[in-house]
Amino acid sequence: MVARSNVADVDRSRYDFVKSEATSERLSAGLTPEIIREISARKDEPEWMLDLRLKCLDIYHRTPVPNWGPALDGLDIENIVTYVKPEGEQKSDWESVPEDIKDTFDRLGIPQAERAYLAGVGAQYDSELVYHNIQDSVADQGIVYSGIEEAMKNGWEGVIHDHFMKLVPPTDHKFAALHGAVWSGGSFVYVPAGVKLDFPLQSYFRLNAKGAGQFEHTLIIVEDGAELHFIEGCSAPKYNVANLHAGCVELFVGNDAKLRYSTIENWSKNMYNLNTKRATVGARGSIEWVSGSFGSHVGCLYPMSILAGKESTSEFTGITFAGTGQDLDTGCKVVCAAPDTKAVVNTKSISKGGGVSTFRSSVAVTPAAENASVAVSCASLMLDDESRSDTIPAMDIRNQNVSVGHEASIGRIGNDLMFYLMSRGIPEGEASTMVVNGFANPVSKELPLEYAVEMNNLIKLEMEGAIG
């Protein structure tokens, strides 16, 4: 039995189409103080933000490229355009968005998702938000959901000043400093104390420009007793030159508050995805990460939870699929810094066609974290003899009265299982896809239905179809 070479019900062109850049404005490639000042001037930023950008630029130039993880030799920042402005200004009315951009997001299904069940939507195209809208019923509860630049001009500058790049300082690593220098777009979310939002907010990031970078900043503050589910999606067409994504996510979760942050990442396979995500959680609060990584040529992504309050919790559920030409280094970090904190990590990785999948975790337990509990589990599935899967755990335990465990398993699809499925009339390719979907089920069941379907479709493309 031979697997199908194409998948009729899933079309990769949903992601790989390219739009003309004729109406976009590009700054010069590279990284100079003049470029930084130009970005800041276009945004009419306060002086403190320009000062921060220039400080970050200095730190970037003084900080070496990381000497661990996937090779970054193919990424030359001198050839990356750090700011590309699409046509027009941000709109809150979908029909007013320029036709090419509107067609892009229509094809990606964003308006349908908004109408179906989302409380608010932000859409970024290259370096700027092109659309942002929030339901009146949500705004009436005091929830703020807008671009950061917009929020700074609408009374939130002080709050942003106190939180911006405080969880992810520019000294954290070279690409955090780069982000701080050239960031553009992203979202600001504020959920007042006690407000529980029943439907998700979503941001979608589309990088259309060739040889460019996207550097959005997401800042979310969930006050005491509040609850929020935030969804992030991203994609880009494939080019024959490197593109870069170095966004930043900072999440502040209050006492007794709850935040779920879900991501389906489907960057093209010329993308270097060097994103940084971090959350701090107050007493009895919780952060839940749900992460699906399917795209990128090279990926380095390790969402971090700082459990700063007593009885705070973190749960991380992730899936990574590394195919031909991909080196995906993913995982998470947990810091238990208060008594009775608890973290659970459950990840799955799949490698195929020579792809390299590495799970990298870091667990730190401080002396103050009496009775902390951390359980890390990672399972890897290799689908051929060419591929590779590694597990690299790191643990720094400074308290004896804690429970910390790590387990890892690496395996292949069993011949007996394949024989059973094929003996029931299922073609080999479909049988393999069924097994992989079952393996990934712990992640897909945590996603809203539409995103679980998208994740399963991406797995089908990787398993049976030709994908970029």
Side-chain angles (χ1 to χ4, degrees), residues 117-120 143 145 167-168 187 189-191 194-203 218-234 249-265 275-293 301-320 330-338 340-348 359 361-363 372-379 440-452 454-455:
Y117 76 104
L118 293 170
I143 295 173
Y145 179 38
L167 274 183
V168 183
S187 292
V189 181
Y190 175 82
V191 185
V195 174
K196 298 180 180 181
L197 192 56
D198 295 329
F199 298 96
L201 301 176
Q202 173 188 292
S203 283
T218 300
L219 175 59
I220 298 178
I221 301 170
V222 183
E223 294 283 18
D224 294 353
E227 294 185 8
L228 172 68
H229 183 189
F230 192 87
I231 301 172
E232 173 188 82
C234 44
V249 174
E250 296 185 291
L251 311 176
F252 295 83
V253 184
N255 299 334
D256 301 295
K258 181 177 181 180
L259 173 59
R260 170 175 281 207
Y261 198 96
S262 300
T263 304
I264 290 291
E265 177 266 299
N275 210 9
T276 306
K277 301 181 178 182
R278 195 160 297 167
T280 183
V281 187
R284 299 169 304 281
S286 71
I287 176 69
E288 298 178 17
W289 304 93
V290 181
S291 178
S293 298
L301 182 60
Y302 323 100
M304 180 177 183
S305 303
I306 302 171
L307 302 180
K310 184 177 181 180
E311 298 179 19
S312 55
T313 63
S314 169
E315 184 174 347
F316 181 88
T317 306
I319 181 81
T320 299
T330 62
C332 69
K333 303 177 182 180
V334 176
V335 177
C336 293
D340 303 311
T341 47
K342 181 178 181 180
V344 176
V345 177
N346 182 16
T347 70
K348 307 275 188 174
F359 171 76
S361 67
S362 171
V363 175
S373 171
V374 183
V376 180
S377 174
C378 59
N441 185 59
V443 178
S444 62
K445 73 180 183 181
E446 296 296 332
L447 292 166
L449 177 60
E450 290 82 355
Y451 294 88
E454 179 176 0
M455 193 185 90

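All values below were derived from every heavy atom in this structure, side-chain atoms included, with hydrogens, water molecules and symmetry-related copies excluded. Index from 1, following the sequence.
For Cys378, the side chain to side chain contact (heavy atoms under 4.5 Å, CB included) partners are Thr347, Phe359, Thr391, His406, Ala408, not counting sequence neighbours. Considering only residues two or more places apart in sequence or on other chains, Glu288 meets the salt bridge (charged side-chain N to carboxylate O under 4.0 Å, His left out) condition with Lys258, Arg260. Checked against salt bridge (charged side-chain N to carboxylate O under 4.0 Å, His left out), Lys333 has no partners two or more places apart in sequence or in another chain. Applying the ring-ring contact (aromatic ring centres under 6.0 Å, His included) criterion to Phe252, with sequence neighbours excluded, gives His163. Remark: Lys348 pairs with no residue by the salt bridge (charged side-chain N to carboxylate O under 4.0 Å, His left out) rule, at least two apart or across chains.
For Glu232 and Thr263, the side-chain atoms include at least one donor-acceptor pair closer than 3.5 Å. The closest side-chain donor-acceptor pair between Lys277 and Ser291, if any, does not fall under 3.5 angstrom.
Proximity of a side-chain donor or acceptor of Asp224 to a complementary backbone N or O of Asn255 within less than 3.5 Å is detected. Not a single donor-acceptor pair under 3.5 Å links the side chain of Glu227 to the backbone N or O of Leu197. No donor-acceptor pair under 3.5 Å is formed between the side chain of Glu250 and the backbone N or O of Arg278.
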Determine all donor-acceptor pairs shorter than 3.5 Å in which one atom belongs to a side chain in residues 279-287; sequence neighbours excluded.
residue: Arg284; atom: NE; partner: Asp256; partner atom: OD1; Å: 2.7
residue: Arg284; atom: NH2; partner: Asp256; partner atom: OD2; Å: 3.0

Open item on the list: Would Val189 and Leu228 count as a side chain to side chain contact (heavy atoms under 4.5 Å, CB included) here? Give the steps.
Closed with: CA-CA 10 Å; Val189 181; Leu228 172 68; 3.9 Å; yes
Open item on the list: If you apply the rule side chain to side chain contact (heavy atoms under 4.5 Å, CB included), what do you find for Ser361 with Phe316, and how did you get there?
Closed with: CA-CA 11 Å; Ser361 67; Phe316 181 88; over 6 Å; no
Open item on the list: side chain to side chain contact (heavy atoms under 4.5 Å, CB included), that's the test. Do Leu251 and Val222 meet it? Break it down for me.
Closed with: CA-CA 8 Å; Leu251 311 176; Val222 183; over 6 Å; no
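Here the straight-line distance linking atom CZ of Phe230 with atom OG of Ser262 works out to 10.5 Å at 0.5 Å rounding.
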